[in-house]
Engineer: 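Got a structure for you, written out below as structure tokens; questions coming shortly.
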Amino acid sequence: MIPWAGWGHAVLGALLVWALAVHSVAAAQAAATPGEAPAQIRSMDNLSVVLLRANAAKDARSANTLGVQREGSGIVIDDSGLILTIGYLIVEAEGIEIVPADGKAVPATVVGFDHATGFGLVRATLPLAVKPIELGDSASLPEREPVLIAGFDGVAPAYVVSKRPFAGFWEYLLDSAIFTAPATVNWSGAALIGRDGKLYGVGSLVVTDAIKPQTYTPGNMFVPIDLLKPILGDLIGSGRVSGPARPWLGVNTQEMQGGHLVVTRVTSDGPAAKSGLKVGDIIVRLGGEQIVGQIDFYRKLWGLGPAGTPIPLSVLQGAEVKNLVVPSMDRTEHLRSRTMY
């Protein structure tokens with residue numbers, strides 16, 4: 001990323017260069033409007049993005065996939081030190097600290113976490129001399145729009161290259177994620193900022209198919225900020241979204257040609273493992289219905305009922321199709337440490 005000091009002109013020039021990452025140079029140039037960077041983020045003094053460090057419990061179930069020591073960005077969204085980030089940074093966290101632009105670390109505590117969206121909230125335990133960022137309307141953010149990706153280490157110019165569903169192999173689905181290109185480093189928890197200086201998304205992943213599936217375009221995926229608005233009160237009030245949780249199986253999958261899903265990982269001690277599902281199995285039916293890809297699988301899975309609903313799967317193990325019943329559970333209940341305080 002470009003260092004904070006003196007990045008304004010560099011950003012504008014880089015936006016024109018990176019226009020090639022969008023569908024065509026002409027289309028990208030039509031989308032970009034020359035001018036100064038948003039006033040809200042012109043200097044470090046009014047930057048809303050902070051460094052977030054988290055240490056998970058040594059016996060955390062998430063340690064094998066996410067590690068124990070985690071680092072990313074947090075985004076200050078109110079005057080009381082409430083900080084938005086991507087949730088996997090704070091899952092099963094025992095200790096969290098926030099480092100604003102002045103370099104002075106401040107302890108923080110977990111406020112809430114939502115598996116469905118992937119958002120996480122923490123709160124600084126001491127006052128922060130940081131101006132909060134205003135939330136934008138991510139539904140109105142058009143494709144080919146120039147944006148800035150702001151992380152704890154600086155900013156990077158990019159374009160919105162697509163808005164489409166995203167299915168994660170870890171039982172995760174967004175109906176309309178925001179994809180940007182070119183790819184940037186330190187995306188975890190980074191702020192997606194529009195030309196009006198408002199927050200439009202939170203950084204989640206680096207991807208290789210930002211423009212469209214099966215087309216090589218390195219970029220990043222952002223969780224749209226609109227998904228936070230209806231659940232923010234619940235997360236602040238009780239640490240999680242109210243209502244029944246989705247059924248969780250504890251299985252990672254990869255799409256095969258034809259829409260079947262091959263099992264790539266089974267969570268130890270999770271519902272799927274206890275039911276006999278194994279790595280290499282191919283999921284061919286759910287509740288007696290054929291499935292066509294991960295998106296179809298998740299929607300049908302979650303449509304069967306809340307966490308605790310028995311989930312009937314037909315899987316190909318070797319040369320034999322076996323019928324299994326997985327006793328689904330609330331994903332949060334599988335964690336060793338509570339994610340809210």
Side-chain angles (χ1 to χ4, degrees), residues 48-49 52 72-78 82-91 110-123 132-143 145 147-151 158 160-180 187-194 196-207 210 219-248 294-295 297-299 301-303 306-307 330-332 339-340:
S48 301
V49 180
L52 184 151
S73 297
I75 308 160
V76 180
I77 61 172
D78 78 1
L82 187 64
I83 297 166
L84 176 65
T85 190
I86 197 67
Y88 58 72
L89 293 176
I90 63 171
V91 170
V110 174
V111 173
F113 173 62
D114 178 45
H115 283 289
T117 60
F119 285 129
L121 288 174
V122 304
R123 191 182 300 279
I133 193 170
E134 185 179 349
L135 305 186
D137 176 13
S138 55
S140 68
L141 187 68
E143 293 185 5
E145 177 77 358
V147 290
L148 294 178
I149 300 173
V160 176
V161 294
S162 67
K163 296 174 73 177
R164 54 186 168 85
F166 172 80
F169 56 79
W170 59 96
E171 298 182 54
Y172 179 75
L173 175 64
L174 296 177
D175 289 330
S176 183
I178 301 172
F179 294 84
T180 63
W187 61 84
S188 299
L192 184 68
I193 301 176
D196 56 3
K198 296 181 181 180
L199 179 65
Y200 286 86
V202 177
S204 178
L205 296 170
V206 63
V207 297
N220 296 100
M221 188 276 279
F222 287 80
V223 182
I225 200 62
D226 285 359
L227 296 180
L228 176 68
K229 298 171 184 178
I231 66 173
L232 181 57
D234 282 349
L235 292 180
I236 294 174
S238 61
R240 60 179 297 167
V241 176
S242 61
R246 289 172 172 172
W248 177 71
Q294 286 174 327
I295 293 177
F297 176 59
Y298 295 150
R299 288 174 176 167
L301 168 63
W302 299 333
D330 179 350
R331 187 181 217 147
T332 304
T339 57
M340 49 273 192

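Positions are given from 1 along the sequence. Worth saying up front: this structure is predicted, and the values here are computed from it rather than measured.
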Engineer: Just so I know, are the side chains of V76 and L82 near enough to count as touching, which here means a heavy-atom distance under 4.5 Å?
Structural biologist: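 Of all side-chain heavy-atom pairs linking L82 with V76, none is under 4.5 Å.
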Engineer: How about Y88 and S204: does a side-chain donor come under 3.5 Å of a side-chain acceptor?
Structural biologist: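 No.
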Engineer: Return the CG to CD1 distance between N220 and I178, rounded to the nearest 0.5 Å.
Structural biologist: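 That separation rounds to 12.0 Å.
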Engineer: So, do L205 and F222 sit near enough that their side-chain heavy atoms are less than 4.5 Å apart?
Structural biologist: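 Not in contact.
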Engineer: Quick one: do Y200 and V160 satisfy side-chain contact (heavy atoms from CB on, under 4.5 Å)? Show the steps, please.
Structural biologist: CA-CA 11 Å; Y200 286 86; V160 176; over 6 Å; no
Engineer: Do I231 and R240 have side-chain heavy atoms sitting under 4.5 Å apart?
Structural biologist: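 Contact flag for I231/R240 side chains = no.
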Engineer: CZ of F297 to CH2 of W302: how many Å apart, nearest 0.5 Å?
Structural biologist: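 Reported value, rounded in 0.5 Å steps: 9.5 Å.
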Engineer: Are any non-hydrogen side-chain atoms of D137 and D226 less than 4.5 angstrom apart?
Structural biologist: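 D137 reaches D226 side chain to side chain.
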Engineer: Measure from NZ or CZ of R164 to the centre of the six-membered ring of F179, then state whether that distance is under 6.0 Å and the direction lies within 45° of the axis.
Structural biologist: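 So R164 does make the cation-pi contact.
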Engineer: Going through the checks in order, is the side-chain contact (heavy atoms from CB on, under 4.5 Å) test met by K198 and I193?
Structural biologist: CA-CA 6 Å; K198 296 181 181 180; I193 301 176; over 6 Å; no
Engineer: Which distance, rounded to the nearest 0.5 Å, do you find between the OG of S176 and the CG of L227?
Structural biologist: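 One gets 8.5 Å once the value is rounded to the nearest 0.5 Å.
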Engineer: Can you check whether L174 reaches M221 side chain to side chain, under 4.5 Å on heavy atoms?
Structural biologist: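 Side chain of L174 against side chain of M221, heavy atoms only: contact under 4.5 Å found.
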Engineer: Determine the minimum heavy-atom distance between A191 and V49, stating which atoms define it.
Structural biologist: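 So the two residues come closest at CB-CG2, 4.0 Å.
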Engineer: By salt bridge (charged side-chain N to carboxylate O under 4.0 Å, His left out), which residues pair with D114, not counting sequence neighbours?
Structural biologist: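 Checked D114 against salt bridge (charged side-chain N to carboxylate O under 4.0 Å, His left out); zero matches.
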Engineer: Tell me whether the rings of F113 and H115 are parallel (<30°), tilted (30 to 60°) or perpendicular (>60°).
Structural biologist: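 Perpendicular, since the angle between the ring planes exceeds 60°.
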Engineer: Roughly how far, to the nearest 0.5 Å, is CD of Q294 from OH of Y172?
Structural biologist: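 Spacing of OH (Y172) from CD (Q294) equals 13.5 Å.
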Engineer: Would R123 and V110 satisfy side-chain contact (heavy atoms from CB on, under 4.5 Å), going step by step from the backbone distance to the final call?
Structural biologist: CA-CA 7 Å; R123 191 182 300 279; V110 174; over 6 Å; no
Engineer: Using 0.5 Å steps for rounding, measure from the CD1 atom of I75 to the CG atom of L199.
Structural biologist: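 These two atoms lie 5.0 Å from each other.
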Engineer: Which atoms form the tightest heavy-atom contact between Y298 and E171, and what is the distance?
Structural biologist: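 Taking Y298 first and E171 second, the nearest heavy atoms are OH-N, 3.2 Å.
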Engineer: Identify the two heavy atoms, one from G136 and one from K229, that lie closest to each other, and give their separation to 0.1 Å.
Structural biologist: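 That would be O-NZ, 2.6 Å.
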Engineer: Return the minimal non-hydrogen interatomic distance between S73 and G151, and the atom names on each side.
Structural biologist: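 Heavy atoms of S73 and G151 come nearest at OG-CA, 3.4 Å.
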Engineer: Looking only at heavy atoms, which two atoms of T180 and A158 are closest? And how far apart?
Structural biologist: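 For T180 versus A158, the nearest heavy atoms are CB-CB, 4.1 Å.
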Engineer: For the pair V241 and T117, evaluate side-chain contact (heavy atoms from CB on, under 4.5 Å) and give the outcome as yes or no after the intermediate values.
Structural biologist: CA-CA 10 Å; V241 176; T117 60; over 6 Å; no
Engineer: Nearest 0.5 angstrom please: S48 OG to E134 CD, how far?
Structural biologist: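 Between atom OG of S48 and atom CD of E134 there are 10.5 Å.
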Engineer: Check each of I83, I236, T85 against L121 using the side-chain contact (heavy atoms from CB on, under 4.5 Å) test, and report the only one that passes.
Structural biologist: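 So the option named by the test is I236.
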Engineer: Would you say K163's side chain and L141's backbone share a donor-acceptor pair under 3.5 angstrom?
Structural biologist: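 Checking the backbone N and O of L141 against the side chain of K163, a donor-acceptor pair under 3.5 Å is found.
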Engineer: Does the side chain of F119 reach to within under 4.5 Å of the side chain of V223, using non-hydrogen atoms?
Structural biologist: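 Side-chain contact under 4.5 Å: yes.
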